[in-house]
Number of protein chains: 2
Amino acid sequence: MDATAEALQDAGVDLRLDRDASNCSIARTLEVVGEKWTILILREVYYGSSRFGEFERVLGCPRNLLAARLRMLVEEGILAVETYKEPGARSRPKYVITPKGMDLIPAVMGLLQWGDRYRADPEGPAMVSRHRGCGAHVDARIRCDRGHAVEPVDIESIPGPAFRLRPAE
Amino acid sequence: MDATAEALQDAGVDLRLDRDASNCSIARTLEVVGEKWTILILREVYYGSSRFGEFERVLGCPRNLLAARLRMLVEEGILAVETYKEPGARSRPKYVITPKGMDLIPAVMGLLQWGDRYRADPEGPAMVSRHRGCGAHVDARIRCDRGHAVEPVDIESIPGPAFRLRPAE
DNA sequence: ACTCTGAGTATAGGAAAGTAAACTCAGATG
DNA sequence: CATCTGAGTTTACTTTCCTATACTCAGAGT
């Protein structure tokens, strides 16, 4: 156990129950991608769609929500707007994923592989992902900085630099 | 490109736009964990909480929603109900994560590390995760079955066994 | 019997999110 | 200059979610 954690426990603090759970990176990420269509839009961008009409067609998402989600994703820097031009038509906007958006792909892959394992239809997955370099199947896994594969049960979560106690009631 | 994919393209099918996007493991996973409090409940279980009152206290989630989410997570086999007994009190239920629930941890870690990178407060993360074995920092990464680290941009997604075209309009 | 506690259920009002369909707007084409 | 198209906006309606409070229920202790 960490020194900070020990000091807190000596003071009678329960790390689980007395911490400020709103000061959490998961909660903050969900503020951005937790709304209904957001992850699915990201999935489509990742699969190669980029135009408003493409998202609408393939997702069946209402246009006003689609517009709102795209605007938000652009404001957050997860997507960026570029333009495309079909011959004989004017320039129109298209949406491309940024590096910041790409950093969400491990989370999306995690959701994908859980669904593949527990909720795929009996035939198997609808889409499969492979490494462009070697062709092998890819998946999201947890690794430690020394390169070991880490099972979830072997992860220990301890207070970090921004650990805070919950405000008094 | 895959043989299936080629055959489909020869038939004038656009893999991105004409596929049945509702037949998707991500969408199906979100049906289970896409509601507002679900991932946060999972986070608390993962951090060590197990009792109704603990979830309520630390999340500040309304009791009726909490009860509904817990019931759903148990029905889905992500949590299991056990009992605990404080001295001088009767047995009460507690919620523990199952292996099926543990398999969601890579996705949760993916969300966590995105938030740590882009949305943490200036001091750093509130909680840090490390490998119980070696103490090194852990994170969610994508690997291929041959053990290569895979950047999201090097992943190729192709139709799998359950690929289906979208129903006619 | 009465009370206390943790784990819920029940209910009601307001806010937010989702859905559906009609409408606008900017340019390229006929 | 009327029409077509993709990309939105607007509006009206429905569903879900949030907040808050009150209530129930099963034992253990007094």
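Sequence lines set the chain letters: A, B, ... in the order given, protein chains first and strands last, and positions in each chain run from 1.
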| request: Find which nucleotide of DNA chain D each of R90(A) and A68(A) is nearest to by heavy atoms, and output the residue with the more 5' nucleotide. | output: R90(A)

| said: As an exercise, state the distance from NZ of K94(A) to OG of S49(A), rounded to the nearest 0.5 Å. | reply: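 Nearest 0.5 Å value for the NZ-OG distance: 12.0 Å.
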
| request: Quick one: label E35(B) by what it contacts on the DNA or RNA (base, sugar-phosphate, nothing), any heavy atom closer than 4.0 Å. | output: sugar-phosphate

| message | Under 4.0 Å, counting only non-hydrogen atoms across every strand here, what does Y84(B) touch: a base, just sugar-phosphate, or nothing? | response | sugar-phosphate

Would you mind reading off the distance between [X] atom [atom1] and [N] atom [atom2], rounded to a whole angstrom?
X: F52(A); N: dT9(D); atom1: CZ; atom2: P; value: 8 Å
X: L70(A); N: dT9(D); atom1: CG; atom2: C1'; value: 14 Å
X: L66(B); N: dG6(C); atom1: CG; atom2: C1'; value: 13 Å
X: R57(B); N: dG6(C); atom1: CZ; atom2: C1'; value: 14 Å
X: K85(A); N: dA7(D); atom1: NZ; atom2: P; value: 14 Å
X: L79(A); N: dA7(D); atom1: CG; atom2: P; value: 15 Å
X: R69(A); N: dG18(C); atom1: CZ; atom2: C1'; value: 9 Å
X: E56(B); N: dT5(C); atom1: CD; atom2: P; value: 15 Å

| field | Where Y46(A) and S157(B) come nearest, the two heavy atoms and their spacing | value |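 It is CE2-OG, 4.0 Å.
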
| query | Of the nucleotides dG6(C), dA17(C), dC18(D), which has the atom closest to the K36(B) side chain? | reply |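 Given the options dG6(C), dA17(C), dC18(D), the side chain of K36(B) is closest to dC18(D).
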
| said: Nearest to the R92(A) side chain among dC17(D), dG6(C), dG6(D), which nucleotide is it? | reply: dG6(D)

| Are D18(B) and R57(A) close enough for a salt bridge, meaning some N to O gap below 4.0 Å? |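 The answer is yes: the pair qualifies as a salt bridge.
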
| task | Using a strict 4.0 Å threshold on nitrogen-to-oxygen distance, state whether E44(A) and R19(B) make a salt bridge. | result |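 Looking at R19(B) together with E44(A), the answer is yes, because their closest N to O distance falls below 4.0 Å.
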
| message | Once you measure the plane-to-plane angle for H131(A) and H148(B), does it fall in the parallel (<30°), tilted (30-60°) or perpendicular (>60°) bin? | response |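 H131(A) and H148(B): perpendicular rings.
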
| said: If you define the side chain from C-beta out and look only at heavy atoms, does anything of R28(A) sit under 4.5 Å from N23(A)? | reply: yes

| What do you reckon, is CZ of R117(B) surrounded by more than 12 foreign heavy atoms closer than 6.0 Å? | no

| Short side-chain N/O contact to dT9(C) OP1/OP2 from R71(B), under 4.0 Å |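 Indeed, a polar side-chain atom of R71(B) lies that close.
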
| said: Side-chain N or O of Y95(A) versus OP1/OP2 of dG6(D): is the shortest distance under 4.0 Å? | reply: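 Indeed not, no polar side-chain atom of Y95(A) lies that close.
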
Could you list the protein-to-nucleotides 19-21 of chain D atom pairs, N/O on both sides, closer than 3.5 Å?
none

